[in-house]
Amino acid sequence: MKILIPTGAFPPEIGGPATYVPRLAKALVEKGHNVTIMTFTQADGYDDSQFNFKLIRLPKKGRLDRWINTVWQLMRQLRQHDVAYVNGLLMETAVATLFVIRPMVAKVVGDIAWERARDKGWTSHTIDFFQTRVYDIPIEARRAMRDWALHRMKYVIVPSQYLRSIVSKWFVDPRLIKLIYNAYEPPLDQPSAVDFPPKKGHRLITVCRLVNWKGVDGILKTVQNTPNCDLLVVGDGPEKENLEKLSRNLKIQNRVHFLGSLSHASVIEALKTADLFMLNSVYEGLPHVLLEALAVGLPIVATEIGGTPEVVLHGVNGRLTPINNLEKLTESTHTALKNRLTYQVELTDKFKLETMIEQTTDLLIEAGIKH
């Protein structure tokens with residue numbers, strides 16, 4: 001089968017989707033399928049020759065020109081493929097299939113309408129509260145476009161029970177929402193190109209896109225209240241400058257290291273240097289980085305939100321804390337550091353790579369056959 005995968009994130013970017021898409025594409029090719037990936041993510045000197053599938057990196061030019069070019073390129077590629085597995089470029093792909101009809105399967109890892117509204121400062125509400133409110137036209141228009149695009153899908157894949165409950169509120173037929181958990185696969189044994197700073201006592205680490213709902217500011221304040229520790233911040237994003245300024249204002253700049261975006265192999269090496277992984281989000285679907293942390297033996301302190309409790313079991317492999325509660329976050333961090341050797345840190349069978357690949361492949365084949 002010929003499979004087209006439009007995606008909004010791809011290496012050298014980091015994060016769950018950027019890890020998931022090339023891994024799945026590689027496995028699909030190894031199963032005999034023909035795979036093409038389309039993405040806006042630019043190479044920036046990245047070695048694309050390592051991939052065993054076709055990769056098309058679209059230019060990032062003016063917004064309207066980019067949108068028109070993307071739809072046009074998707075139409076061209078759809079003519080050559082049997083099914084589209086949408087991991088980004090949702091609206092563009094849905095519009096393209098108005099002209100070149102092909103079955104589509106979408107993976108939903110969040111609410112793009114809510115994320116856009118948070119990025120623009122249109123709301124400070126949590127994703128759960130966001131689902132219960134009616135907003136002004138800009139937000140409702142994005143909701144309508146999201147719902148229209150998803151209604152065109154043969155199936156919608158979600159990585160957590162939590163996201164299934166969210167998507168079911170978007171008038172998507174519950175029978176078409178399929179739960180397939182994310183999976184972890186150790187990276188190839190590659191040396192890290194990063195020289196990590198020497199540890200200063202305990203080491204905390206967070207890996208995320210630096211946006212406001214990731215709550216990295218709360219982690220910085222926890223570091224201020226936690227003596228004899230330092231923090232690695234892996235990732236980039238619009239909040240980076242503000243977070244660097246906050247670390248200086250808190251007088252912890254010598255204990256906080258902003259490493260920017262790293263390769264997958266370097267992220268794993270960074271995790272191995274730490275004693276505790278931290279995630280202080282107000283929203284998560286099912287964070288792939290939590291699987292990576294557990295796979296290298298790191299206990300986790302994370303907010304009890306979204307799909308995170310499906311990975312982090314309180315008192316077993318880490319600790320869960322309420323959102324927007326600095327006191328509880330700090331208390332949980334101190335407790336986890338004190339008892340870090342007592343946690344049972346391992347991945348369960350439901351996060352096996354083979355399971356994820358088999359379930360996804362079967363669904364894509366079924367979508368293509370039904371067409």
For the pair [X] (side chain) and [Y] (backbone), establish whether a donor and an acceptor sit closer than 3.5 Å, ignoring hydrogens and angles.
X	Y	answer
S165	Y162	yes
Q42	F40	yes
E284	S281	no
R164	Q161	no
R23	A183	yes
N325	K328	yes
N317	V311	yes
N87	T7	no

Any side-chain donor-acceptor pair under 3.5 Å between [X] and [Y]?
X	Y	value
E292	H264	yes
T123	R118	no
S332	T335	no
D47	S49	yes

Only distances under 3.5 Å count here; give the side-chain donor-acceptor pairs of residues 223-231 to other protein atoms, sequence neighbours excluded, each with its distance to 0.1 Å.
{"residue": "N225", "atom": "ND2", "partner": "K221", "partner atom": "O", "Å": "3.1"}
{"residue": "T226", "atom": "OG1", "partner": "T222", "partner atom": "O", "Å": "2.6"}
{"residue": "T226", "atom": "OG1", "partner": "H334", "partner atom": "NE2", "Å": "2.9"}
{"residue": "D230", "atom": "OD1", "partner": "R203", "partner atom": "NE", "Å": "3.1"}
{"residue": "D230", "atom": "OD2", "partner": "R203", "partner atom": "NE", "Å": "3.4"}
{"residue": "D230", "atom": "OD2", "partner": "R203", "partner atom": "NH2", "Å": "2.8"}

[X] vs [Y] side-chain heavy atoms within contact, under 4.5 Å:
X	Y	result
T308	T303	no
V282	I305	no
V156	L176	no
Y155	P103	no
I157	L363	yes
T126	Y283	no
R57	L55	yes
S168	I177	yes

Out of curiosity, [X] [atom1] to [Y] [atom2], how far, rounded to the nearest 0.5 Å?
X	Y	atom1	atom2	result
D119	N212	CG	CG	6.5 Å
L78	M104	CG	CE	8.5 Å
D128	I323	CG	CD1	8.0 Å
L271	L262	CG	CG	10.0 Å
M75	E92	CE	CD	13.5 Å
L220	R255	CG	CZ	10.5 Å

Which atom pair, heavy atoms only, marks the closest approach of [X] to [Y]?
X	Y	value
M91	A149	SD-CB, 3.8 Å
G297	P299	O-CD, 3.5 Å
L329	G218	CD2-O, 3.7 Å
T97	R102	CG2-O, 4.0 Å
V95	F99	O-CD1, 3.4 Å
W170	V108	CZ3-CG1, 4.1 Å

Mind listing the side-chain donor-acceptor pairs of residues 232-254 below 3.5 Å, one per line with the distance, residues two or more places apart or on another chain?
{"residue": "E239", "atom": "OE1", "partner": "N242", "partner atom": "ND2", "Å": "3.4"}
{"residue": "S247", "atom": "OG", "partner": "E244", "partner atom": "O", "Å": "2.7"}

[X]: ring-ring contact (aromatic ring centres under 6.0 Å, His included) partners, not counting sequence neighbours:
X	value
F129	H125
F10	F51
F351	Y181
W213	W114

Could you list the donor-acceptor pairs under 3.5 angstrom formed between side-chain atoms of residues 12-21 and any protein atom two or more places apart in sequence or on another chain?
{"residue": "T19", "atom": "OG1", "partner": "G15", "partner atom": "O", "Å": "3.0"}
{"residue": "Y20", "atom": "OH", "partner": "Y85", "partner atom": "OH", "Å": "2.6"}

Legend entry - Partner residues of R175 under the salt bridge (Lys or Arg N to Asp or Glu O under 4.0 Å) criterion, sequence neighbours left out: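 Scan of R175 (salt bridge (Lys or Arg N to Asp or Glu O under 4.0 Å), adjacent residues dropped) gives D173.
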Inset, instruction - State which residues pass salt bridge (Lys or Arg N to Asp or Glu O under 4.0 Å) with E358; sequence neighbours excluded, sorted by chain then number. - result: none
Inset, instruction - Consider only side-chain heavy atoms of I, L, V, M, F, W and Y, link residues closer than 4.5 Å, and tell whether F196 and V289 are in one cluster. - result: yes
Heavy-atom neighbours of [X] [atom1] exceed 12 at 6.0 Å:
X	atom1	value
R79	CZ	yes
D136	CG	no
I137	CD1	no
K178	NZ	yes

Legend entry - Working for side chain to side chain contact (heavy atoms under 4.5 Å, CB included), residues V105 and M153: CA-CA 5 Å; V105 176; M153 302 296 151; 5.9 Å; no
Legend entry - Remaining members of hydrophobic cluster (4.5 Å side-chain criterion), L313: V316
Inset, instruction - Would you mind listing every side chain to side chain donor-acceptor pair (under 3.5 Å) that reaches into residues 138-149, with sequence neighbours excluded? - result: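 For residues 138-149: D111-R146, E140-R143.
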Inset, instruction - Would you list the pairs meeting side chain to side chain donor-acceptor pair (under 3.5 Å) in which at least one residue belongs to residues 27-39, sequence neighbours left out? - result: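 Side chain to side chain donor-acceptor pair (under 3.5 Å) check on residues 27-39 returns K26-E30, T36-H81, T39-T41.
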Inset, instruction - Could you check L98 against R152 for side chain to side chain contact (heavy atoms under 4.5 Å, CB included), going step by step and ending with a plain yes or no? - result: CA-CA 10 Å; L98 292 174; R152 295 184 54 78; 3.4 Å; yes
Inset, instruction - Kindly determine whether V345 and R340 satisfy side chain to side chain contact (heavy atoms under 4.5 Å, CB included), including the steps that lead there. - result: CA-CA 10 Å; V345 183; R340 69 187 189 284; over 6 Å; no
